[in-house]
Undergrad: 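Before I ask anything, let me first share the structure, which is written out below as structure tokens.
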Amino acid sequence: NIKIFDDNIYVINQDNRIICLDSASGNKIWDVRTVASFIKSQNFSALAISKKGDLFVLNSSGDLLKLSALSGQIFWALNVTPSLYAHDKDFFKSSDIVIENDNIYFSTTSSLFSYNSKSGFMNWQLDINSTSTPIIDGNNVFLLSNNGFFANIDKSTGKLIWLTDV
């Protein structure tokens with residue numbers, strides 16, 4: 001997963017290292033190491049950058065972090081996995097992160113989440129199995145579940161409005 005912001009390139013590698021590179025020279029600006037996962041894959045991590053330069057990372061161990069895109073300073077970090085067992089963290093999968101106003105949204109194989117991007121506090125969690133990227137439209141969050149259901153969720157409360165089999 002690669003993002004570009006203010007002439008810098010942001011990458012999270014298979015060892016859950018978050019790296020910032022200068023786009024002109026390729027020189028490393030900063031490097032933040034997080035908990036490595038037993039399973040090595042680029043497909044289990046997500047990066048998003050706000051217009052303000054806040055970098056949000058969801059790594060393959062289920063750790064959600066907010067960092068400064070400029071310095072790599074970690075503002076907050078938490079784990080979103082439903083279990084304390086290391087095995088569950090090794091097989092963690094998620095969608096991309098969606099930033100909307102002061103909230104971030106993403107889905108995992110266990111739940112759809114909404115977090116306050118400033119504080120890191122959870123707004124709500126809805127148990128729905130999906131690794132599809134949530135779509136935000138007005139007051140709704142739309143999501144396709146891994147078992148073929150299309151859901152409409154209230155963006156403010158996380159309550160399911162309707163669910164249909166597609």
Undergrad: Tell me, please, which residues at least two apart from Asn27 pass side chain to side chain donor-acceptor pair (under 3.5 Å).
TA: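 Asn27 satisfies side chain to side chain donor-acceptor pair (under 3.5 Å) with Ser25 only.
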
Undergrad: Can you name the residues that form a side chain to side chain contact (heavy atoms under 4.5 Å, CB included) with Asn129, not counting sequence neighbours?
TA: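 With neighbours one apart ignored, the set is Thr109, Asn146.
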
Undergrad: Once side chain to side chain donor-acceptor pair (under 3.5 Å) is applied, do any residues pair with Ser132, and if so which ones, sequence neighbours excluded?
TA: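 So Ser132 forms no side chain to side chain donor-acceptor pair (under 3.5 Å) with any residue.
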
Undergrad: Quick one: list whatever passes side chain to side chain contact (heavy atoms under 4.5 Å, CB included) with Asp7, sequence neighbours left out.
TA: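 Asp7: side chain to side chain contact (heavy atoms under 4.5 Å, CB included) contacts with Ser23.
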
Undergrad: Partners of Asp54 by salt bridge (charged side-chain N to carboxylate O under 4.0 Å, His left out), sequence neighbours excluded?
TA: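 For Asp54 the salt bridge (charged side-chain N to carboxylate O under 4.0 Å, His left out) partners, ignoring immediate neighbours, are Lys66.
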
Undergrad: What residue pairs, at least two apart or across chains, pass side chain to side chain donor-acceptor pair (under 3.5 Å) with a residue in residues 136-145?
TA: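 Only Ser145-Asn147 qualify under side chain to side chain donor-acceptor pair (under 3.5 Å).
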
Undergrad: Which other residues belong to the hydrophobic cluster containing Leu70, where Ile, Leu, Val, Met, Phe, Trp and Tyr are joined when side-chain heavy atoms lie under 4.5 Å apart, directly or via other members?
TA: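 So far as hydrophobic clustering goes, Leu70 is joined with none.
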
Undergrad: Which residues pass the salt bridge (charged side-chain N to carboxylate O under 4.0 Å, His left out) test with Lys51, not counting sequence neighbours?
TA: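 Lys51 satisfies salt bridge (charged side-chain N to carboxylate O under 4.0 Å, His left out) with no other residue.
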
Undergrad: Can you list everything that forms a side chain to side chain contact (heavy atoms under 4.5 Å, CB included) with Ile29? Sequence neighbours excluded, please.
TA: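 Scan of Ile29 (side chain to side chain contact (heavy atoms under 4.5 Å, CB included), adjacent residues dropped) gives Asn8, Cys20, Asp22.
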
Undergrad: Using links of under 4.5 Å between side-chain heavy atoms of ILVMFWY residues, direct or through other members, which residues join Leu144 in one cluster?
TA: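 Once heavy-atom contacts under 4.5 Å are chained together, Leu144 belongs with Ile135, Phe142, Phe150, Ile161, Trp162, Val166.
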
Undergrad: In chain order, what residues pass the side chain to side chain donor-acceptor pair (under 3.5 Å) check against Asp127, with sequence neighbours excluded?
TA: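 Result, side chain to side chain donor-acceptor pair (under 3.5 Å) vs Asp127: Ser111.
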
Undergrad: List the residues meeting ring pair (Phe, Tyr, Trp, His ring centres under 6.0 Å) with Phe75, not counting sequence neighbours, and say none if there are none.
TA: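 Expected list: none.
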
